[in-house]
Amino acid sequence: MKLKNLACAAACLLFCLPGVAQQQNKFTPKPAVLAIIKKDLAVADAQYKVLAGKLNAEEFPKTYHPETGKQENSGSGWWCSGFYPGTLLNLYEEIPGKFLIDEADRMLALLAKEQYNTHTHDLGFMMYCSFGTANRLNPTPQYKQILINSAKSLSTRFNPKVGAIKSWDSKPSDFLVIIDNMMNLELLFWATRVTGDSSYYKIAVTHANTTIKNHYRPDYSSYHVINYNPETGAVQEKKTAQGFANESAWARGQVWGLYGFTVMYRETGDKKYLDQANNIAKFILDNPNLPADKIPYWDFNAPNIPNALRDASAGAIMASALLELCKYTNKADGRRYFNTAESVIKTLSSSHYRAAIGTNGGFILKHSVGHFPAGTEIDVPLTYADYYFVEAMKRYKVFARK
Ligand code: GLY
């Protein structure tokens, strides 16, 4: 073992104990669902060829408006820029082919400059879903350096007084943290593992602990936005930006938390995070406003339930998170999570949600809600719905391996 590797191993022993999540339940996937997934992945491969054809030279896909047929694309600085290359790579792992890898490489080259972006907390989404996947499939010193630089950029937004990473830049007297930020912590754990620098790990743990303390209500639903005093760390406001109301449970926020605390348990082995993830899962799954097909309304307290819009992205993120959490928890809860995820995959594979080849602007899923209060991205396809749907299907398939 090289000296540098020894140093990394020692640092992990010191800072990453008790280590990683231990319990690994096993569940048996259904052949019929595996057959659906095989078809879905083939359709996704075909759809992403259509999507690629809608992009000008430096554009990343954002959404598509079914009523007008208008395609909306973005630059690399948009928080979703990592999902398209990440999905291409995840599909490539399933269906290796020249188009998928060439298109992924083209997008990664456009995205690389964001490693130095210190004006967003979304670097985990942007860089870990893309370069993290690229590095998992084909580790290179270049990918590694880009990911380390991204973790450094993200860490510049940590305020020790608040004990959290700043999500959104705003006026100097505000320090805004959104629940979505839990999803950016995985990049920091990776950075400590490969560099041996424990500061990333400590930031992630501190951010998660502050989030448990201030974002969560007694019923384990989450606020969307907490506004802290940046000088004292005191909570100034608890509110929403993308949800129906300050006191409502915005669906995607609930599933970002579910996924984020599952990762926290995986990376630290600390049972406190497993309990948090299980309690969030119970809030969601026992919620009288969760429809029978398990695709959440865009907000659990949307005013016009049962006629409120569904959010397919929340369903996909929830399914992927539950397919990890089901491995760690007790067998009965694990079985419930696995069955729920299976049901979500089946529902999202129906023609109501999964687009036919050549339609939907080339996106895989229909019917997500981006930002209802702002009147943007309502009942449309979104790159992150596709990303987590593909990830959930891959996670389900892993259970078939002996
Ligand atoms: N801000 C990320 C989201 O819309 O979920």
Side-chain angles (χ1 to χ4, degrees), residues 8-9 12-34 36-38 41 86 90 93-94 124 128-129 132-133 135-137 139 182-183 185-194 201 204-205 208 212 220 255-285 294 315-346 387-402:
C8 288
C12 279
L13 273 178
L14 273 176
F15 300 114
C16 307
L17 286 173
V20 291
Q22 295 298 318
Q23 193 184 338
Q24 294 283 330
N25 293 325
K26 290 191 168 56
F27 301 100
T28 309
K30 293 196 177 73
V33 178
L34 291 170
I36 289 171
I37 289 175
K38 190 169 179 202
L41 292 171
N90 278 321
E93 198 179 8
E94 298 293 322
Y128 200 69
C129 295
T133 308
N135 194 56
R136 177 175 65 76
L137 298 179
M182 285 302 302
M183 297 296 286
L185 306 182
E186 198 173 0
L187 169 66
L188 300 179
F189 286 111
W190 176 91
T192 284
R193 261 202 311 281
V194 302
Y201 185 99
V205 165
I212 289 179
Y220 294 96
V255 296
W256 286 145
L258 175 71
Y259 194 118
F261 282 101
T262 302
V263 170
M264 285 304 299
Y265 178 63
R266 180 219 299 156
E267 296 292 343
T268 66
D270 187 336
K271 190 168 172 302
K272 166 174 76 187
Y273 301 126
L274 179 61
D275 292 345
Q276 184 73 13
N278 275 322
N279 283 322
I280 299 167
K282 289 190 176 82
F283 171 80
I284 296 170
L285 300 185
K294 315 294 184 203
I317 296 157
M318 176 176 80
S320 189
L322 291 177
L323 284 169
E324 177 164 15
L325 186 58
C326 72
K327 296 191 291 186
Y328 306 142
T329 191
N330 68 62
K331 197 85 193 198
D333 284 343
R335 160 69 53 203
R336 184 182 189 205
Y337 300 163
F338 183 84
N339 289 347
T340 302
E342 186 180 76
S343 154
V344 170
I345 289 173
K346 283 200 295 195
Y387 178 88
Y388 290 101
F389 180 48
V390 170
E391 184 182 81
M393 292 192 287
K394 288 175 65 135
R395 287 182 171 186
Y396 186 86
K397 277 183 68 182
V398 168
F399 283 92
R401 290 191 203 141
K402 294 287 173 239

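Counting begins at 1 with the first residue of the sequence.
- Across all their heavy atoms, Thr133 and Gly86 have their closest contact at CG2-O, 4.4 Å.
- Scored by the ring-ring contact (aromatic ring centres under 6.0 Å, His included) test, Phe27 finds Phe338 as partners (sequence neighbours excluded).
- To the nearest 0.5 Å, the span separating CG on Leu187 from OG1 on Thr192 amounts to 10.0 Å.
- Taking CG of Leu323 as the start and CD1 of Ile345 as the end, the distance is 5.5 Å to the nearest 0.5 Å.
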Fill in: Criterion side chain to side chain contact (heavy atoms under 4.5 Å, CB included) on Trp190 and Asn135, from CA distance to verdict
CA-CA 11 Å; Trp190 176 91; Asn135 194 56; 3.8 Å; yes
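- Side-chain contact of Thr262 with Glu324: a donor-acceptor pair under 3.5 Å is absent, judged by distance alone.
- Shortest non-hydrogen contact noted between Met264 and Ala208 is CE-CB, 3.5 Å.
- Taking OH of Tyr128 as the start and CG of Leu188 as the end, the distance is 10.5 Å to the nearest 0.5 Å.
- With a 4.5 Å cut-off on side-chain heavy atoms, Arg266 and Glu186 count as touching.
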Item to complete: Verify side chain to side chain contact (heavy atoms under 4.5 Å, CB included) between Lys394 and Glu93, making sure each step is shown before the conclusion.
Response: CA-CA 10 Å; Lys394 288 175 65 135; Glu93 198 179 8; 2.5 Å; yes
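- The closest side-chain heavy-atom distance from Arg136 to Asn90 is below 4.5 Å.
- The CG atom of Asn279 sits 11.0 Å away from atom CG of Leu258, with the distance rounded to the nearest 0.5 Å.
- When the salt bridge (Lys or Arg N to Asp or Glu O under 4.0 Å) test is applied to Arg336, the partners found at least two apart in sequence or on another chain are Asp286.
- Among all heavy-atom pairs drawn from Val344 and Ala316, the shortest one is CG1-N, 4.4 Å.
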Discussion item. Apply side chain to side chain contact (heavy atoms under 4.5 Å, CB included) to residues Lys327 and Phe399 and explain how you reach the verdict.
Written reply: CA-CA 10 Å; Lys327 296 191 291 186; Phe399 283 92; 3.7 Å; yes
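- When side chains are defined from C-beta on, Val255 does not count as touching Ile280, because their heavy atoms never get closer than 4.5 Å.
- The CZ atom of Phe189 sits 6.0 Å away from atom CD of Glu267, with the distance rounded to the nearest 0.5 Å.
- In this structure the side chain of Met318 never reaches within 4.5 angstrom of the side chain of Tyr259, judged on heavy atoms.
- Atom-to-atom distance recorded for Lys38:NZ and Lys397:NZ is 8.5 Å, nearest 0.5 angstrom.
- A donor-acceptor pair under 3.5 Å links the side-chain atoms of Asn25 to the main chain of Thr329, judged by distance alone.
- Put simply, the side chain of Glu342 reaches to within 4.5 Å of the side chain of Tyr396, judged on heavy atoms.
- Asn278 pairs with exactly one of Tyr220, Tyr265, Tyr337, Tyr273 by the side-chain hydrogen bond (donor to acceptor under 3.5 Å, both in side chains) rule, that one being Tyr337.
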